[in-house]
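See below for the structure under consideration.
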Amino acid sequence: MYVKKLTLKDFRNWQGSTIELSDGVNVFEGRNAQGKTNLLEALYVTCVGKSQRTPRDKELIRWDCDRAYVAAQVQKKYGSDNVEIVLSRNVNKCVSVNSLPLTKLGELMGTVLGVLFSPEEIKTVKESPSERRRFVDVALSQMSKSYFYALNRYNKILAQRNRLLKQPKIDPSAIDVWDMQLAAAGAGIVKSRRGFLQRLLPHAKDVHSFITEEKEELSLAYEGASGESVKEIEENMTELLLKSRESDLRLGFTHIGPHKDDVKITADGMDIRSFGSQGQQRTAALSLQLALLRLMTEFTGESPVLLLDDVMSELDCVRRERLLRLIRPYQVIITCTELPELIDDKTVKRFVVDGGKIV
C-alpha cells in the first residue's frame, strides 16, 4: 500500500495543496513551524479519522475558515481507494471512501494503514499506562474493525456504570447488572490485546536487537485480568469488580478493567517504563512502531505507510543508519529541517515546505 496523492485545503496552516508522492522515501524539508508536522497529521487523520495531537476537530481547521478538507488516494495490491474527510465548525465531520459517505467511523479503519513515529512517541514507553493502551488500541483498530466496535461498546458500558456509581442511593442489584456486562465486554478486549502483544513480541525483539546492535533484548507483557480464554478472563474480571466495589462506590468510578490495564516493557529484564534512560525509552518506542509495521503487513497483506516526524535528529548515526535499512520496503514520509546525510538524495522525492505550502 502507498499513498499516491494527498490533498489539503484549509487544514491547519495549509491553504490548499495537492501533493503527489512516490512509493518509496518522501522527504519534506523546511524550517520549524512551517507546516511539516501538520502534513503528517492530515495523513494520519485519513488513517484513523482523528488527529494524534488533539481530540478537537475544530483545531484542525485554518483559523479564518469554516471548513477543512483532506483527501488521500491510496494504491493497494488489488485496486485503489480514495478517502475524503470534511471537517466543519458547525456540523460533525463527514468521512467518505470512494465517494460513499460512512455512517460509522469504524468503517474507515484499515482503508489507509499508517504508523506514526515522532519524538513525542517516547510517551508510549515513558508516561502513563493510557499511552501504552492508546498504542495497542489504535493498532488493533486499524487491523480489525470488530475490535474498534468492541472497544466502543466497552467504553459505553463503563460510562453507564460510572454514572450509576455517582448516584446517592444505589441498588446493589443494578451494579451487578452492569458488572456482568462490563466483564463480558472487557474480557474480549483483554483477550485481543494479549493476543496482539504475543504476535508483536517476536517482531519487537528482532527490531530492537538490530537497532541496538544486539546489546538489548526487549520484552512485552500485558498487565490485566488473568485467564487464557475469554470465559476465564470474564470470570476473573467479575471477581475483581466485586472486590473493588466498595472503593468504586466511595470514589465514584470504576478502578479495574481494560481501561486501567498496562503493558510492561522491559529491556534485559529491567522495567524501562520507570528505570530506563531517555535513550532506551526512545529506542524501545521506535522498535514498537517498526515492529507494528511488520505485524500489520503480516496480518493484512498490505504494507502500511510509515510517517516519521523529525525523528532523524533524535538518533545517533548508527541507529539512524539501521533505521533506514529497516524501512526500505515501505513507503516512508519523513519531515526534517534538512536532508539527513545518510539518505541518498537520488533515491528520494524531496519537497520543501514554507508557510503551509510546497515551494
Side-chain angles (χ1 to χ4, degrees), residues 48 109-110 113-117 121 123-126 128-151 153-154 183-212 214 216-237 240 256-274 276 280-281 283-304 306 326 330:
V48 299
M109 299 300 166
L113 292 172
V115 173
L116 170 70
F117 187 76
E121 294 305 306
K123 294 186 298 185
T124 305
V125 177
K126 182 180 181 180
S128 69
S130 64
E131 295 294 337
R132 290 177 284 282
R133 291 194 300 270
R134 180 184 63 85
F135 166 76
V136 174
D137 288 340
V138 170
L140 268 171
S141 294
Q142 288 198 75
M143 294 163 62
S144 169
K145 291 182 175 69
S146 61
Y147 179 83
F148 177 83
Y149 290 126
L151 186 62
R153 172 171 166 72
Y154 174 84
I189 301 297
V190 172
K191 176 72 172 174
S192 295
R193 287 177 177 174
R194 190 170 281 134
F196 166 78
L197 290 173
Q198 288 170 351
R199 296 194 301 272
L200 184 71
L201 181 56
H203 297 298
K205 279 187 173 182
D206 185 54
V207 169
H208 194 75
S209 177
F210 179 76
I211 292 177
T212 62
E214 293 74 46
E216 286 184 0
E217 181 177 353
L218 192 71
S219 187
L220 308 171
Y222 190 74
E223 296 181 334
S226 61
E228 291 299 318
S229 67
V230 171
K231 184 178 179 180
E232 288 176 348
I233 298 169
E234 182 179 345
E235 289 172 351
N236 289 328
M237 268 196 67
L240 289 169
I256 71 102
H259 64 290
K260 291 291 184 180
D261 291 350
D262 200 355
V263 178
K264 186 176 183 179
I265 305 173
T266 60
D268 293 337
M270 179 182 70
D271 190 336
I272 59 174
R273 295 174 299 183
S274 303
Q280 279 181 310
Q281 291 171 338
T283 302
L286 178 58
S287 297
L288 289 177
Q289 299 290 1
L290 295 176
L292 181 57
L293 275 178
R294 292 184 175 185
L295 180 59
M296 278 187 169
T297 305
E298 179 185 284
F299 188 84
T300 67
E302 293 281 1
S303 299
L306 177 60
L326 286 170
Y330 305 95

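Heavy-atom basis, side chains included; hydrogens, waters and symmetry copies ignored. Heads up: numbering here begins at 1 and tracks the sequence.
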Verdict with reasoning, Lys126 to Glu131, per side-chain contact (heavy atoms from CB on, under 4.5 Å) | CA-CA 9 Å; Lys126 182 180 181 180; Glu131 295 294 337; over 6 Å; no
Are side-chain heavy atoms of Leu290 and Ile211 found at a separation under 4.5 Å?
-> yes
Look only at the side chain of Glu232 and the backbone of Glu228, and say whether a donor-acceptor pair between them is shorter than 3.5 Å.
-> yes
Rounded to the nearest 0.5 Å, the OG atom of Ser128 sits from the CZ atom of Arg273 at a distance of 11.5 Å
What closest approach, in Å, do Arg194 and Ala225 show between heavy atoms, and which atom pair accounts for it?
-> NH2-O, 2.9 Å
Here the gap from Asp137 atom CG to Phe196 atom CZ, rounded to the nearest 0.5 Å, amounts to 9.5 Å
State, with a plain yes or no, whether a side-chain heavy atom of Ile265 is found less than 4.5 Å away from one of Leu288.
-> yes
Could you tell me which non-hydrogen atom of Ala204 sits nearest to which non-hydrogen atom of Leu220, and how far apart they are?
-> CB-CD1, 4.3 Å
Heavy atoms, side chains only, cut-off 4.5 Å: are Leu197 and Val263 in contact?
-> yes
Exercise: identify the closest heavy-atom pair between Val207 and Ser287 | CG1-CA, 3.9 Å
Under 3.5 Å donor-acceptor, Asn236 side chain and Ser226 backbone = yes
Leu201 and its side-chain contact (heavy atoms from CB on, under 4.5 Å) partner, picked from Lys205, Gln198, His203, Arg199 = Lys205
In Å, rounded to the nearest 0.5 Å, how long is the span from CE of Met237 to CD1 of Ile256?
-> 4.5 Å
For Phe117 and Ala285, work out which heavy atoms get closest and say how close.
-> CE1-C, 3.7 Å
Is Pro304 close to Thr297 at the side-chain level, that is, under 4.5 Å between some pair of heavy atoms?
-> yes
Specify the closest pair of heavy atoms between Phe135 and Leu200, including all atoms of both residues, with the distance to one decimal.
-> CE2-CD2, 3.9 Å
Can you tell me if Gln281 uses its side chain to pair, donor with acceptor, with the backbone of Ile272 under 3.5 Å?
-> yes
With the side chain counted from C-beta on, respond yes when Thr266 and Glu217 share a heavy-atom pair under 4.5 Å apart, and no when they do not.
-> no
Please check if the side chain of Ser144 supplies one atom and the backbone of Leu140 the other of a donor-acceptor pair under 3.5 Å.
-> no
Nearest-0.5 Å distance, CZ of residue Arg294 to OG of residue Ser303 = 12.0 Å
Taken to the nearest 0.5 Å, the spacing of Met143 CE from Glu298 CD works out to 8.5 Å
Donor-acceptor under 3.5 Å (Gln142 side chain, Gly114 main chain) = yes
Ile189 side chain reached by Tyr147 side chain, heavy atoms, under 4.5 Å | yes
For the side chain of Lys145 and the backbone of Met109, is there at least one donor-acceptor N/O pair under 3.5 Å apart?
-> yes
Side-chain H-bond candidate by donor/acceptor type, His208 with Glu216, under 3.5 Å = yes
If only atom types and distance count, is the side chain of Arg193 paired as donor or acceptor with the main-chain N or O of Val136 below 3.5 Å?
-> no
Tell me, with the steps shown, if Tyr154 and His259 meet side-chain contact (heavy atoms from CB on, under 4.5 Å).
-> CA-CA 9 Å; Tyr154 174 84; His259 64 290; 2.8 Å; yes
Lys/Arg-Asp/Glu bridge criterion (N-O < 4.0 Å) met for Lys231, Glu234 | no
Could you state the interatomic distance from OG1 (Thr283) to CG (Leu218), rounded to the nearest 0.5 Å?
-> 10.0 Å
Salt-bridge criterion met for Arg132 and Asp261 (N-O under 4.0 Å) = no
Over all heavy atoms of both residues, which pair between Val190 and Tyr222 is shortest? Give the atoms and the distance, please.
-> CG1-CE2, 3.7 Å
